[in-house]
2 protein chains.
Amino acid sequence: MSLMTIGKLSGATGVKVTTIRYYESIDLLDEPERSASGQRLYGDAAVERLGFIRHARDLGFPVSAIRELISLQVDPGRDCDLVDQIARRQLGEVRRRLTQLEALEAELKRMITACEGGKIASCSVLAALGHHEQCLHEEHAGKEVLAALPSK
Amino acid sequence: MSLMTIGKLSGATGVKVTTIRYYESIDLLDEPERSASGQRLYGDAAVERLGFIRHARDLGFPVSAIRELISLQVDPGRDCDLVDQIARRQLGEVRRRLTQLEALEAELKRMITACEGGKIASCSVLAALGHHEQCLHEEHAGKEVLAALPSK
DNA sequence: CTACAGTCTACAGTAACTGTAGAGGCAAGA
DNA sequence: TCTTGCCTCTACAGTTACTGTAGACTGTAG
């Protein structure tokens, strides 16, 4: 069970076949052995490596960062600072996105509860999108937006 | 102060000049008037419309949804259900992403606090990325990952 | 008049894949 | 052995939402 085709590797890691070939093309994965007929053959090391890449991607690390992390792994004697730095940078990114998404959630919730089956002319979702600085509960919100939009 | 060039519109809305031209090319924005020399000239309606688009994009709505919303606006007599539906769909998306990001944040935090200036050979960040099913606190985590990775 | 910033078109590039076409490969059943 | 049906191959185009570049023209302030 040592060598497997690209389909098995895909099944083992949850990474699509086309994506595996893509990773090879951008040098995230080494070129594998080939069978006599030219099919890619992977060993267990490829499962590990691809799992590493996949997990890092799931965590939101960009491919460039993953490339960095992999290049660090080949030199295990060095200090861990750079790895730490990359992870911290990523954590900052994640937190930034979290804050943003929380605001979005609040606003969308507000928009939806305000929109209770009226006509579009007074739909608060559209009003909210048009005038984000205005309060949703003002009665005549919406008409202005519609007036402002050329009816093509 | 009624007509403005693309640069002013950009300044007024915070949308980059190139992006405005892009929106025009994908028909999110109507083609504006032109000056004698061919420069785009926008009125206040464009500020409204572009603000609407920008805000919706900030909320994470894909361009396709925005196109839908705009097309709904031109027909204000209809029911608000579709608008509501688009917003709910978007809220679901946002919540999905939120949950995911929260998990990421937790994991990254765990990774970083575990990594305290050692050598790469034992770096827990790399270990965590390699073996996400394993506990970080097992002593020998990491070496296996490095062993598994071909040193190119 | 001369800078210099702004604008124009057209096209290429970005990230991180996904999808397609058309050809060839491999294992199992009739 | 043939056939069925899925797997794999390469090469390239398409996706989303922009961003950047080249090279030319325009508009304005000193």
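Below, read A as the first sequence line, B as the second, and so on, with proteins coming before strands; counting in each chain starts at 1. Given the structure is predicted, the values throughout are model-derived calculations rather than measurements.
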4.5 Å side-chain heavy-atom contact, B:Tyr23 and B:Arg57
yes

Compile the donor-acceptor pairs under 3.5 Å between side chains in residues 10-20 of chain A and protein atoms, sequence neighbours left out, one pair per line.
from	atom 1	to	atom 2	distance (Å)
A:Ser10	OG	A:Val15	O	2.7
A:Thr13	OG1	A:Leu9	O	2.8
A:Thr13	OG1	A:Val15	N	3.3

Any-strand Watson-Crick or G-U partner of D:dG30, both distances under 3.5 Å
C:dC1

With sequence neighbours left out, write down each residue that passes side chain to side chain donor-acceptor pair (under 3.5 Å) with [X], or none if nothing qualifies.
X: A:Ser35; value: A:Ser37
X: B:Arg96; value: B:Glu93
X: A:Glu24; value: A:Arg40
X: B:Glu102; value: none

Taking for each residue the nucleotide of DNA chain C bearing the nearest heavy atom, is the 5' side occupied by A:Val63 or by B:Gln39?
B:Gln39

On DNA chain C, compare the nucleotides closest to A:Ser37 and A:Tyr22; which residue's is nearer the 5' end?
A:Tyr22

Rounded to whole Å, the CG-P distance (B:Leu41 to C:dG6) equals 17 Å

Can you name the salt bridge (charged side-chain N to carboxylate O under 4.0 Å, His left out) partners of B:Arg95, sequence neighbours left out?
A:Glu105

Under the rule for salt bridge (charged side-chain N to carboxylate O under 4.0 Å, His left out), what residues qualify as partners of A:Arg54, not counting sequence neighbours?
A:Asp58

C:dT9, OP1 or OP2 - any side-chain N/O from B:Arg40 closer than 4.0 Å?
yes

Heavy atoms within less than 4.0 Å of DNA chain D: which residues of residues 12-21 of chain A have one? Give them sorted by number.
A:Arg21

Using a 4.0 Å cut-off to any heavy atom of chain B, which nucleotides of DNA chain D are the first and last in contact, reading 5' to 3'?
D:dA17 to D:dG27

Using a 4.0 Å heavy-atom cut-off, does B:Ser35 contact any base of the nucleic acid, only the sugar-phosphate backbone, or nothing at all?
nothing

